[in-house]
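Here's the structure, in structure tokens; my notes come after.
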Amino acid sequence: PPFCHGVVVWTRLTLPEQPSPRVRVHWRMARDPGLRHVVARGTVATDASRDWTVKVDVTGLEPGTTYYYGFAARGRSSPTGRTKTAPALAEGIGMAVVSCASYWSGWWNAYDRIAERDDIDVVLHCGDHVYDTVDPAEWLRARNDRFDPEYVDFRPWRNLDEARRRYALHYADPALLALHLAHPLTVAWDNHDLDGDADDPLVARQAFWEWTPCRPPGPVTALDGNLVPADVSRDHRDMRYGDVDLYVLDLRTRRDDVTILGAEQRAWFEQGLLDSAGRGAPWRVVVNPIPLAAIGLGGSLYGGWTDRPGDQQSLLRYLADNGIEDCVFVAGDAHGAFVADLPVGPGAYDPATGAGSAAVEILGNSVSRGGADETIAEAWYRGLHGTSPDGDRERYEALLPQAREAARAVEDSLLAANPALKYAQWRDHGYGVVRLTADEATLEQWHVPILERSRDEWLGARFTVARGTNHARPAV
């Protein structure tokens, strides 16, 4: 992810066979797509211990500036990537919000649409960047069309090599490549990034840090300039993104009996928020893989904050008690598009004015994983046929139109039951956009199809959040 004066760039060296135990990779950063006006260059090393990946922290750059970069090794060159350093808030900051991109569940049209946009400065991925398992109702595509639960690319990974292979499967999709080539990206891990069937839980975490273009938190070691985290087990991190403070939370591996964050991460997060407000940062953006918002379903569905309402409320109470305002939580995991105020308690909340709200949250939808309509269609299919749909796409998809109407009724009931919930769309897929200025945040929900490749997209909703209100209002 970018700072004002630096940015991390990433690639993987993929050759028919690796010619030596270690390969030196040359990189350059330039002001033009032809890479002629070079502002920085260097050489790093990679080897099998890094799965031939390369991650370089390029510094000494100008704020709010678009750069182009490329890599070369063994007579081969990478595609040219585009990146951008963090802009000042006065210029406006655009953030795309994505989550839940199962390879097998659908086409990643959302990534293509984001890649085409010039108003996005950074992409925030809220987790499930890769998937360990294939949903039984979502056998839409498979590598080499092998819909075989025993095939290595159609089942959970079992070791480090297979976890790395899963990233390679996802990154072979041209839409994800286009996203990486167009914008800087930061990623939080969630359950599907981590689970798999490997005996060692660090397997998935090592592959995550090798294959994502994220600056590791804490100490790093360098393999001739190639960034390697000293501790692959840690994901929570913070950074100054221009004038904005950005936090990435780990809601899966640190939890204890008291808090989903675990005591150490909770204390780190609270102190970071307090310090941010104390130095007058205008906005705090929190990549929160599991929603804080109570969207009306039992928390066990997500294994997150709503499993622990006391934990959820104590965090929001901490914000309110310490005067920490202007926090925008961006979340995933729920496979739907939601916008919500985050009240400290239901009794003190006024849905018309937002009084009593401690922050706002946008769930930026799933890129491809099934929403309420797919879940309902799967349940109906099981009731009709006594088994999961698996590869029976024809009979399963025949249920989707009616399931979409049932999902619409679920959305209406959620909105009626929770006045802090401002938008609920659990049928379509897509991405969110957060735009920040000195005066307000704008939250947008964009929708795209997933059952076929398509250039279609449509704006589902737009809300504004004025500084100091912690309240999402429909945009006029």
Side-chain angles (χ1 to χ4, degrees), residues 9-18 23 25 46 48 50-55 69-74 76-82 98-116 123 125 127-135 138-185 187 189 192-193 196 203-204 206-214 366-369 429 431 448 450-455:
V9 294
W10 177 96
T11 193
R12 182 181 188 265
L13 183 65
T14 304
L15 299 174
E17 57 183 52
Q18 301 299 350
V23 175
V25 179
T46 188
R50 293 281 301 148
D51 197 25
W52 307 101
T53 60
V54 172
K55 190 181 297 188
Y69 63 95
F71 299 88
R74 300 287 179 178
R76 296 170 182 256
S77 298
S78 72
T80 299
R82 180 182 71 175
V98 294
S99 67
C100 304
S102 169
Y103 177 87
W104 311 281
S105 297
W107 298 102
W108 293 339
N109 297 310
Y111 286 161
D112 276 325
R113 301 292 79 77
I114 297 170
E116 293 167 353
V123 178
H125 203 302
D128 296 340
H129 177 48
V130 299
Y131 263 73
D132 57 329
T133 58
V134 185
D135 189 278
E138 298 174 22
W139 289 23
L140 185 74
R141 59 171 175 156
R143 185 175 189 177
N144 300 323
D145 291 328
R146 285 189 62 179
F147 295 88
D148 177 0
E150 294 304 313
Y151 179 43
V152 64
D153 292 323
F154 207 76
R155 61 162 171 78
W157 57 76
R158 296 171 181 168
N159 52 51
L160 178 58
D161 286 343
E162 290 185 2
R164 289 164 164 172
R165 180 175 175 133
R166 185 58 44 83
Y167 278 89
L169 172 68
H170 281 63
Y171 280 41
D173 185 281
L176 181 54
L177 284 179
L179 183 74
H180 274 272
L181 288 170
H183 304 296
L185 179 75
V187 187
W189 64 38
H192 290 292
D193 301 291
V203 158
Q206 179 174 337
F208 173 92
W209 285 114
E210 291 170 347
W211 279 82
T212 58
C214 301
S366 79
V367 172
S368 62
R369 187 66 194 276
H429 301 264
Y431 62 97
V448 300
I450 64 164
L451 297 182
E452 64 281 324
R453 293 188 186 275
S454 172
R455 297 189 59 81

Separation between CH2 of W139 and CZ of F147, rounded to the nearest 0.5 Å: 8.5 Å
Beyond-backbone contact of V187 with F208, side-chain heavy atoms, under 4.5 angstrom: yes
Do you know which two heavy atoms are closest between C214 and W209, and how far apart they sit? CB-CZ3, 3.8 Å
Separation of T212 OG1 from Y167 OH (nearest 0.5 Å): 6.5 Å
In terms of heavy-atom contacts, I114 and H183 come closest through O-NE2, 2.8 Å
Is the charged tip of R141 near the ring of Y103: under 6.0 Å from the six-membered ring centre and within 45° of its axis? yes
Any donor-acceptor pair under 3.5 Å from D173 side chain to A175 backbone: yes
Rounded distance [0.5 Å steps], CZ in R455 versus CD in E116: 4.0 Å
State whether the side chain of D128 and the backbone N or O of C100 hold a donor-acceptor pair below 3.5 Å, judged by distance alone. no
Shortest non-hydrogen contact from T133 toward W104: O-CZ3, 3.1 Å
Minimum heavy-atom separation for L140 to G106, with atom names? CD2-CA, 3.3 Å
If I compare all heavy atoms of R369 with all of Y131, which pair ends up nearest, and what's the gap? NH1-CE2, 3.1 Å
Return the OG1 to CD distance between T46 and E210, rounded to the nearest 0.5 Å. 8.5 Å
Verify side chain to side chain contact (heavy atoms under 4.5 Å, CB included) between V9 and F71, making sure each step is shown before the conclusion. CA-CA 10 Å; V9 294; F71 299 88; 3.8 Å; yes
With no hydrogens and no angle check, is any side-chain donor or acceptor of N109 less than 3.5 Å from a backbone partner on E452? yes
Is it the case that the side chains of W108 and S368 hold a donor-acceptor pair, with the cut-off being a distance below 3.5 Å and no angle test? yes
Beyond-backbone contact of V367 with Y431, side-chain heavy atoms, under 4.5 angstrom: no
Under 3.5 Å, is there a donor-acceptor pair between the side chain of R166 and the main chain of V152? yes
Could you grab the distance from atom CZ of R143 to atom CG of D148, nearest 0.5 Å is fine? 14.0 Å
To the closest 0.5 Å, what do you measure between NE2 (H170) and NE2 (H129)? 8.0 Å
Any side-chain heavy atom of Y151 sitting closer than 4.5 Å to one from N144? yes
Scanning both residues in full, the closest heavy-atom pair of A115 with R82 reads O-NH2, 4.0 Å
Just so I know, are the side chains of S366 and H429 near enough to count as touching, which here means a heavy-atom distance under 4.5 Å? yes
Step-by-step side chain to side chain contact (heavy atoms under 4.5 Å, CB included) determination, V54 to L13: CA-CA 8 Å; V54 172; L13 183 65; 5.7 Å; no
Residue that, paired with W10, satisfies ring-ring contact (aromatic ring centres under 6.0 Å, His included) out of Y171, Y69, W52: Y171
Let me see the working for D153 and R165 under salt bridge (charged side-chain N to carboxylate O under 4.0 Å, His left out), right down to the final yes or no. CA-CA 8 Å; D153 292 323; R165 180 175 175 133; 2.9 Å; yes
Donor-acceptor check, side chain of D51 to backbone of T53, threshold 3.5 angstrom: yes or no? no
